[in-house]
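Have a look at the structure below before the remarks.
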Number of protein chains: 2
Amino acid sequence: MPTKAHHPLVEDFLARLEEKDYRHTGTREEVARAVAQQGSHFTAEALCEALPRVGRATVYRNVKLLVEMGFLCRVLMEDGELHYQVSHKGHHHHLICTYCGQSQDLLNCDFQGLLKEKASTQGFEVEGHTVELYGRCRTCASEATAS
Amino acid sequence: MPTKAHHPLVEDFLARLEEKDYRHTGTREEVARAVAQQGSHFTAEALCEALPRVGRATVYRNVKLLVEMGFLCRVLMEDGELHYQVSHKGHHHHLICTYCGQSQDLLNCDFQGLLKEKASTQGFEVEGHTVELYGRCRTCASEATAS
DNA sequence: GCCATATTGAGATTGAGTATCAAATGAGCA
DNA sequence: TGCTCATTTGATACTCAATCTCAATATGGC
């Protein structure tokens, strides 16, 4: 199958597949391309709908692969639903707007040190953490102020 | 139905039910007692097993009630499974040991201010957040050191 | 092109949680 | 104490996300 689009995520994913001795299949490329076309965050189910010719199990398998390889990250919504979004590399947290639903990354923020220090006073060794922030994005906040 | 045990959680729950014009039923008391007897954290399903004579739907309904009233809080495990644990009142975070599974509360820790400040540099107004920490509790950490 | 094996897809299955609705129960009141 | 009626309960069906199974297919090395 010829490579049509040249989205960096698709390219990088295919390169990484080769690197790790996974096979480069047409289906994987399709999934990666669909992921790249999703806005902000999306559910695995939405991806399935965007890829009607690809089996549900395969979509889930490839999403898992993309997460393991760091191309996608999980976003936990306030109602407990699991979404995914294209990942900026490296550790970061999500700012999820509960008004418009958009998600952005919280940049330049290192809690690990603070968390470790706090937890160590109780003898606890922190190895990992999850942080999700909910509130209003800039646009929604200014709309609220304007009205 | 006579009140047999006098666990504070059970007592407080029953008092709050009255306060909020919910009915004090034998089933609610049973559920509260079972919750009080669970160690650390537990799933709704485990509660169902501990209460074979109570319907699954009723267990879920009462767990939801206990959460709304602040007697229970949700604990998100690293694999995404939802557990519950008896809540210390007030905002707090969880330290979840991935070795023995125990959970403890992270006390005296206020991130809200720091989080708000960081997020506001991106124009985001934080209204809520979730934080879960994973690692080794004191016991598991010292066992690892000893071996 | 051939082969061994990784990958895929249809469909069954699991598991958590919710909806339905008739029957049971609790609480106020006579 | 018994009546009455709204609340609560429980059996069951259902939904939804996600995983498992396994035969069919596609891939990459030779």
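Atom set for the values below is all heavy atoms of this structure, side chains included, hydrogens, waters and symmetry mates excluded. Letters A, B, ... are given to chains in the order of the sequence lines, protein chains preceding strands, and every chain is numbered from 1.
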Study note, to complete from the structure: Looking only at dG17(C), dA27(C), dA17(D), the nucleotide nearest the Tyr60(A) side chain is dA17(D)
Point to revise | From Val10(B), Asn62(B), Leu47(B), residue fulfilling side chain to side chain contact (heavy atoms under 4.5 Å, CB included) relative to Val35(B) | key: Leu47(B)
Exercise for review: Let me know the distance between NZ of Lys20(B) and P of dT7(D), rounded to the nearest Å.
Suggested key: 17 Å
Review point. How would you list, by chain and number, every residue that makes a side chain to side chain donor-acceptor pair (under 3.5 Å) with Thr43(B), sequence neighbours excluded?
Key: none
Check your understanding: Looking only at N and O atoms, is any donor in the side chain of Arg23(A) or the base of dT5(C) less than 3.5 Å from an acceptor on the other one?
Key -> yes
Review point. When Watson-Crick pairs (N1 to N3 and N6-O4 or O6-N4) and G-U wobble pairs (N1-O2 and O6-N3) count only below 3.5 Å on both distances, what is the dot-bracket string of DNA chain D, with | for other-strand pairs?
Key: ||||||||||||||||||||||||||||||
Point to revise | Distance in angstrom units between Glu81(A) CD and dA16(C) P, rounded | key: 18 Å
**Study point:** Residues that Lys116(A) engages under side-chain contact (heavy atoms from CB on, under 4.5 Å), provided they are two or more places apart
**Key:** Gln112(A), Val126(A)
Point to revise | Strand contacts (DNA chain D) in residues 43-51 of chain A, 4.0 angstrom heavy-atom criterion | key: Ala44(A), Glu45(A)
Review point. Separation of Glu18(B) atom CD from dG28(C) atom C1', in whole Å?
Key: 13 Å
Check your understanding: In this structure, are over 12 heavy atoms from other groups packed under 6.0 Å from Arg74(B) atom CZ?
Key -> no
Check your understanding: Think Thr25(B) has a side-chain N or O under 4.0 angstrom from the OP1 or OP2 of dT9(D)?
Key -> yes
Practice item. List in chain and number order the residues that pass side chain to side chain donor-acceptor pair (under 3.5 Å) with Glu81(A), two or more places apart in sequence or in another chain; answer none if no residue qualifies. Key: His83(A)
Study note, to complete from the structure: Asp21(A) atom CG is separated from dT27(D) atom C1', nearest whole Å, by 13 Å
Check your understanding: Considering only dA10(C), dA18(D), dT8(C), which nucleotide approaches the side chain of Ala57(A) most closely?
Key -> dA10(C)
Exercise for review: Measure up the Phe71(B) and Phe13(B) rings against each other and bin them: parallel (under 30°), tilted (30 to 60°), perpendicular (over 60°).
Suggested key: perpendicular
Practice item. Begin from the C-alpha positions of Lys64(B) and Glu68(B) and carry the test salt bridge (charged side-chain N to carboxylate O under 4.0 Å, His left out) through to its verdict. Key: CA-CA 6 Å; Lys64(B) 182 178 282 182; Glu68(B) 282 169 14; 5.9 Å; no
Point to revise | Per Thr58(B) side chain, nearest of listed nucleotides dT8(C), dT9(D), dG9(C) | key: dT9(D)
Exercise for review: Could you go through the ring-ring contact (aromatic ring centres under 6.0 Å, His included) check for His129(B) and His91(B) one step at a time?
Suggested key: CA-CA 10 Å; His129(B) 65 272; His91(B) 186 79; 4.7 Å; yes
Review point. Roughly, in whole Å, what's the span from CG in Leu82(B) to C1' in dT18(C)?
Key: 15 Å
Practice item. Would you mind telling me which of dG17(C), dG9(C), dA27(C) lies closest to the side-chain atoms of Arg56(B)? Key: dG17(C)
Review point. So which one's nearest nucleotide on DNA chain D is more toward 5', Gly55(B) or Tyr22(A)?
Key: Gly55(B)
**Study point:** Spacing of Arg28(B) atom CZ relative to dA27(C) atom P, expressed in whole Å
**Key:** 10 Å
Practice item. Ignoring hydrogens and angles, answer whether the base of dG10(D) and the side-chain atoms of Arg61(B) contain a donor-acceptor pair closer than 3.5 Å. Key: yes
Check your understanding: Any idea how His94(B) and His92(B) line up, ring-wise: parallel (<30°), tilted (30 to 60°), or perpendicular (>60°)?
Key -> perpendicular
Practice item. Send over the distance from Leu17(A) CG to dT27(D) P, rounded to a whole Å. Key: 13 Å
Exercise for review: May I ask you to check whether Thr130(B) and Glu132(A) show a side-chain donor-acceptor distance below 3.5 Å?
Suggested key: no
Review point. Rounded to the nearest Å, what distance is computed from the NE2 atom of residue His24(A) to the C1' atom of nucleotide dT8(C)?
Key: 15 Å
Exercise for review: Would you mind checking if Arg138(B) and Glu125(A) are paired as a salt bridge, meaning a charged N to carboxylate O distance below 4.0 Å?
Suggested key: no
Review point. Which of residues 64-78 of chain A sit near DNA chain D, with a heavy atom under 4.0 Å from it?
Key: Lys64(A)
Practice item. Give a yes or no on this: more than 12 heavy atoms of other residues, nucleotides or ligands lie within 6.0 Å of atom CD of Glu18(A). Key: no
